[in-house]
Amino acid sequence: MLKSAGFGRRLSLALCARGYASKRGAAPHPNSVPLEKAISILKAFEVGQPKQTVELHVHCSPEKGQAPIRGSCILPRAYKSGTRVLVFAEGEKAKEALAAGADIVGGEDLVNKVRDGEVRFDKCLSTPDMLPKVAKIARMLGPKGLMPTVNKGTVSSDVAELVKFAKNAQDFHADKAGIVHTGVAKVGFSEEEIRANIGVVMDSIRTHARENRGRFVGRVYLSSTRGPGIQIADL
């Protein structure tokens with residue numbers, strides 16, 4: 001009986017300790033390294049390959065029922081080029097979109113071309129008046145994350161600003177496990193440029209943390225095309 005009581009007390013203390021540890025946040029992994037060192041390691045793995053991509057992998061803990069983690073941000077130094085932007089617009093708004101650098105612009109005829117798979121594009125924008133027509137192909141665009149919506153900031157009357165942002169923005173979203181995987185730079189960028197890009201992405205991800213919430217961002221890893229995944233100690 002005494003042994004049973006002693007075991008129960010030890011179990012209770014262990015559970016309390018575990019709860020305290022979870023509130024404080026997980027301790028850094030012994031093999032994690034500062035961001036500066038991680039960048040140096042990846043650069044060493046990619047010697048002679050300055051165009052290889054540096055990738056960030058962020059483990060997040062969203063609340064139950066929280067909207068999916070998804071967003072866009074403008075990097076201090078963009079690392080991607082050639083993004084094809086499609087805009088559903090007519091009249092003067094179509095002219096504004098083209099002047100701002102949109103690759104494909106059109107009205108209902110363009111909706112039909114997209115439906116038939118005749119055009120290739122990476123990002124899709126729309127003016128509010130075109131949205132009912134675009135809704136006809138929502139089942140095609142939605143699963144690909146291309147359906148324009150007000151919540152995503154891809155529907156607006158200011159098409160020129162939309163196009164400029166779409167051309168330069170870095171998009172990110174979490175997978176089903178709550179992990180954000182996104183490119184952040186090229187290996188050939190300077191350490192300062194890589195750090196600056198990572199900082200902007202991390203700040204944007206953290207905006208999804210709700211107020212009075214515990215630890216939202218957990219483990220963070222940095223990798224490259226051929227390099228290893230390295231856990232970061234100071235992000």
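For the numbers below, each heavy atom of this structure counts, side chains included, while hydrogens, waters and symmetry mates do not. Residue numbers count from 1 along this sequence.
Looking at Y221 and L56, their side chains never come closer than 4.5 Å, going by heavy atoms from C-beta outward. In this structure the side chain of R219 never reaches within 4.5 angstrom of the side chain of I232, judged on heavy atoms. A heavy-atom distance below 4.5 Å is found between the side chains of P76 and V200. Using a 4.5 Å heavy-atom cutoff, the side chains of V58 and F216 are not in contact. The shortest side-chain heavy-atom distance between V220 and M202 falls under the 4.5 Å cut-off. Side chains of L110 and V105 form no contact here, defined as non-hydrogen atoms less than 4.5 Å apart. In this structure the side chain of K51 never reaches within 4.5 angstrom of the side chain of V187, judged on heavy atoms. No side-chain heavy atom of L125 sits less than 4.5 Å from a side-chain heavy atom of L86.
Residue V54 is grouped with residue I205 when hydrophobic side chains (ILVMFWY) are merged at heavy-atom distances under 4.5 angstrom, including chains of intermediate members. Under a hydrophobic clustering in which Ile, Leu, Val, Met, Phe, Trp and Tyr are joined whenever their side-chain heavy atoms come within less than 4.5 Å, directly or via other members, I198 and F45 fall into the same cluster. Residue L162 is not grouped with residue L141 when hydrophobic side chains (ILVMFWY) are merged at heavy-atom distances under 4.5 angstrom, including chains of intermediate members.
Ionic pairing of K95 and E92 is present here: one or more N-O contacts between side-chain nitrogen and carboxylate oxygen are shorter than 4.0 angstrom.
Judged by distance alone, with hydrogens and angles left aside, the side-chain atoms of R84 form a donor-acceptor pair with the main-chain N or O of R120 at under 3.5 Å. Judged purely by atom type and a 3.5 angstrom limit, D103 uses its side chain to pair as donor or acceptor with the backbone of V85. With hydrogens and angles ignored, the 3.5 Å screen pairs a side-chain donor or acceptor of E193 with a backbone N or O of S190. Without hydrogens or angle criteria, K123 side chain to A169 main chain gives a donor-acceptor distance under 3.5 Å. In this structure, D158 contributes its side chain and S156 its backbone to no donor-acceptor pair below 3.5 Å. Checked by atom type and distance alone, the side chain of N168 never pairs as donor or acceptor with a backbone atom of A78 at under 3.5 Å.
Annotation: cation-pi geometry satisfied between R77 and F189 (NZ/CZ under 6.0 angstrom from ring centroid, within 45° of ring axis).
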For T127 and S157: C-alpha separation, side-chain torsions, deciding distance, then whether side chain to side chain contact (heavy atoms under 4.5 Å, CB included) applies. CA-CA 5 Å; T127 55; S157 296; 5.7 Å; no
Using side chain to side chain donor-acceptor pair (under 3.5 Å), reason through D122 and T83 one step at a time and then give a plain yes or no. CA-CA 6 Å; D122 303 303; T83 301; 5.0 Å; no
Is there a salt bridge (charged side-chain N to carboxylate O under 4.0 Å, His left out) between E108 and K136? Walk through the geometry before answering. CA-CA 10 Å; E108 191 166 5; K136 298 176 183 178; 3.5 Å; yes
Apply side chain to side chain donor-acceptor pair (under 3.5 Å) to the pair S224 and E46, showing each step before the final yes or no. CA-CA 8 Å; S224 62; E46 303 285 6; 2.8 Å; yes
Checking Q52 against L42 for the side chain to side chain contact (heavy atoms under 4.5 Å, CB included) test, could you report, in this order, the C-alpha distance in whole Å, the side-chain angles of both residues, the deciding distance, and whether it holds? CA-CA 10 Å; Q52 302 287 36; L42 294 181; over 6 Å; no
Given the rule in the side chain to side chain contact (heavy atoms under 4.5 Å, CB included) test, do Q49 and T225 qualify, once you have shown the distances and angles that lead to the verdict? CA-CA 10 Å; Q49 300 292 331; T225 306; over 6 Å; no
Do V134 and M147 pass the side chain to side chain contact (heavy atoms under 4.5 Å, CB included) test, and can you show the C-alpha distance, the side-chain angles, and the key distance before you say yes or no? CA-CA 8 Å; V134 180; M147 181 62 193; 3.9 Å; yes
Please evaluate residues T53 and K186 with respect to the criterion side chain to side chain donor-acceptor pair (under 3.5 Å), reporting the C-alpha separation (whole Å), side-chain torsions for both, the decisive distance (0.1 Å), and the verdict. CA-CA 5 Å; T53 301; K186 292 295 183 184; 3.2 Å; yes
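In terms of heavy atoms, P148 sits closest to L131 at O-CD1, 3.7 Å. Nearest approach of I104 to V119, heavy atoms of both residues: CD1-CB, 4.3 Å. Closest approach of I69 to C60, counting heavy atoms only: CD1-CB, 3.6 Å. When all heavy atoms are compared, the tightest approach of L222 to A38 is CD2-CB, 4.3 Å. The shortest heavy-atom contact between F172 and S72 is CE2-N, 3.9 Å. Scanning both residues, K93 and V159, for their nearest heavy atoms gives O-CG2, 3.4 Å.
Applying side-chain contact (heavy atoms from CB on, under 4.5 Å) to I39 and the options E36, K37, K43 leaves one that passes, K43.
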Indicate every side-chain donor-acceptor pair of residues 177-185 with a distance under 3.5 Å to a residue at least two apart or in another chain.
from: H181; atom 1: ND1; to: H57; atom 2: ND1; distance (Å): 2.8
from: H181; atom 1: NE2; to: D175; atom 2: OD2; distance (Å): 3.0
from: T182; atom 1: OG1; to: Q170; atom 2: NE2; distance (Å): 2.8

